[in-house]
Amino acid sequence: MENVILCNGSYAENPYLPEGENIRLFSVEELCCYLYKNAFLIQEDFFSELLLRWIGDELRLPEWAEKLRLFKGKDSSVLHSIDFLFRATGYYGEEEISHVRGVLKESSHLSVMERRKIRADMYCKKQRYAMAAAEYEYLLKETEEEQIKFRAKLYHNLGVCQAGLFLYDKAAASFGQAFQIYPNTESYVQFLTALKLGNSPEEYLTYLSAHPESYEDSLEVESRITRVEESWEKMPFQNMLQEMTEEGNTAYYETVKKLLNQAKQDYINMVDKR
């Protein structure tokens, strides 16, 4: 058998909980995986005495803990620490080490809040909307009111996540808050879109009637919805379903069932916070 990775040390009885994270680490390999995926969040204080004691006591790797202590206070201590762990475990190779080196260099000028926003944006892009929303809400609680533009971006992206979870009322509120803090066309268009999707046609028209200044933006909303609908109609499986419906093919029902099951699983994956 080739490419076997042997685990190092012991499996911790008491997991390590990285500060501010909803995650538990039980092995040095899990620690390496966390470091690789979250390199842009790692700062000098990550390799704290608490973590080093955990590595020495819980993982039964006291020599490794002592080696990591030697890096503390030196230039590029984070990079040296990660480099040591990756090489000692054999979990990651030169390509991954080079990747982490680049990430650490690019993120060195960012604040903790900016780093966490990058992670939230990544979750949002991958449609892990619940995880992203939790990050944005945390950041909104921790940032100062004076950080107007930054907070507006947080509210806007939170609205995107809420819309992705079909929470249109909450999405409209978030987009509205983003626009109120830092007026911009995109947040207002998204606000109107969420308003349209979350209310009856009569309620939406009532709002537009009361806000004539929204006319131009409402046209953009209709244009975007039309483009989405046209794109949907051109999708291959949509054409396939249409053909099967017209033919009265019994395969239509089986195909619909499969698509619904897949959509259900995709939604579960999307909102899964684990």
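On a predicted model such as this, the values are computed, not experimentally measured, just so you know. Each residue takes its place number in the sequence, starting with 1.
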Decide yes or no for [X] and [Y]: does some side-chain heavy atom of the first lie under 4.5 Å from some side-chain heavy atom of the second?
| X | Y | answer |
| --- | --- | --- |
| L104 | I82 | yes |
| Y207 | L192 | yes |
| L25 | Y34 | yes |
| E202 | Y204 | no |
| R224 | Q190 | yes |

Cluster check [X], [Y]: I/L/V/M/F/W/Y, side chain < 4.5 angstrom:
| X | Y | value |
| --- | --- | --- |
| Y136 | V160 | no |
| V112 | I42 | no |
| L197 | L205 | no |
| L70 | W64 | no |
| L35 | I23 | yes |

For [X], side-chain hydrogen bond (donor to acceptor under 3.5 Å, both in side chains) partners two or more places apart:
| X | value |
| --- | --- |
| S111 | E114 |
| H80 | none |
| E142 | none |
| K67 | none |

Please list, chain by chain and in numerical order, all residues satisfying side chain to side chain contact (heavy atoms under 4.5 Å, CB included) with [X], sequence neighbours excluded.
| X | answer |
| --- | --- |
| S98 | R101 |
| T206 | none |
| Y11 | F26, S27, E30 |
| R53 | E49, L50, D57, R69 |

Once rounded to the nearest 0.5 Å, what's the spacing between atom [atom1] of [X] and atom [atom2] of [Y]?
| X | Y | atom1 | atom2 | value |
| --- | --- | --- | --- | --- |
| L51 | Y16 | CG | OH | 4.5 Å |
| D45 | K72 | CG | NZ | 9.5 Å |
| E66 | L61 | CD | CG | 12.0 Å |
| Y129 | L158 | OH | CG | 13.0 Å |
| K149 | N184 | NZ | CG | 9.5 Å |
| L195 | H211 | CG | NE2 | 9.5 Å |

Carboxylate-amine/guanidinium contact K196 E220, below 4.0 Å: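 E220 and K196: not salt-bridged.
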Pairing of K117 and D121 as salt bridge, 4.0 angstrom limit: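 Result for this pair is yes, salt bridge flagged.
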Solution key, residues 163-183 side-chain donor-acceptor pairs under 3.5 Å, sequence neighbours excluded:
| unit_1 | atom_1 | unit_2 | atom_2 | d |
| --- | --- | --- | --- | --- |
| S174 | OG | Q162 | OE1 | 2.6 |
| S174 | OG | K170 | O | 3.2 |

Under 3.5 Å donor-acceptor, [X] side chain and [Y] backbone:
| X | Y | result |
| --- | --- | --- |
| R119 | N38 | no |
| E29 | N8 | yes |
| W54 | L17 | no |
| D83 | L79 | no |

Contact summary for [X] and [Y], nearest pair of heavy atoms:
| X | Y | value |
| --- | --- | --- |
| V78 | F47 | O-CE1, 4.3 Å |
| S10 | R60 | OG-CG, 3.1 Å |
| L41 | R116 | CD2-N, 3.7 Å |
| C32 | Y92 | O-CE1, 3.5 Å |
| V100 | F86 | CG2-CE2, 3.8 Å |
| R115 | S107 | NH2-O, 2.8 Å |

Steps toward side chain to side chain contact (heavy atoms under 4.5 Å, CB included) verdict (L31, T89): CA-CA 10 Å; L31 174 60; T89 59; over 6 Å; no
Test log, rule ring-ring contact (aromatic ring centres under 6.0 Å, His included), inputs F191 and Y188: CA-CA 5 Å; F191 163 74; Y188 194 71; 5.6 Å; yes
E213 atom CD: more than 12 heavy-atom contacts under 6.0 Å: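 More than 12 heavy atoms, drawn from other residues, nucleotides or ligands, come within 6.0 Å of this atom.
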Y123: ring pair (Phe, Tyr, Trp, His ring centres under 6.0 Å) partners, not counting sequence neighbours: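 Ring pair (Phe, Tyr, Trp, His ring centres under 6.0 Å) list for Y123, sorted by chain: empty.
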Remaining members of hydrophobic cluster (4.5 Å side-chain criterion), Y215: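 Direct or chained contacts put Y215 with L219.
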Listed once per pair and sorted, the ring-ring contact (aromatic ring centres under 6.0 Å, His included) pairs that draw on residues 97-120, sequence neighbours left out: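 Matches after skipping sequence neighbours: Y36-H99.
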Side-chain H-bond candidate by donor/acceptor type, D217 with S214, under 3.5 Å: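 Absent: no donor and acceptor within the cut-off.
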Verdict with reasoning, L110 to I118, per side chain to side chain contact (heavy atoms under 4.5 Å, CB included): CA-CA 10 Å; L110 299 176; I118 290 174; 3.4 Å; yes
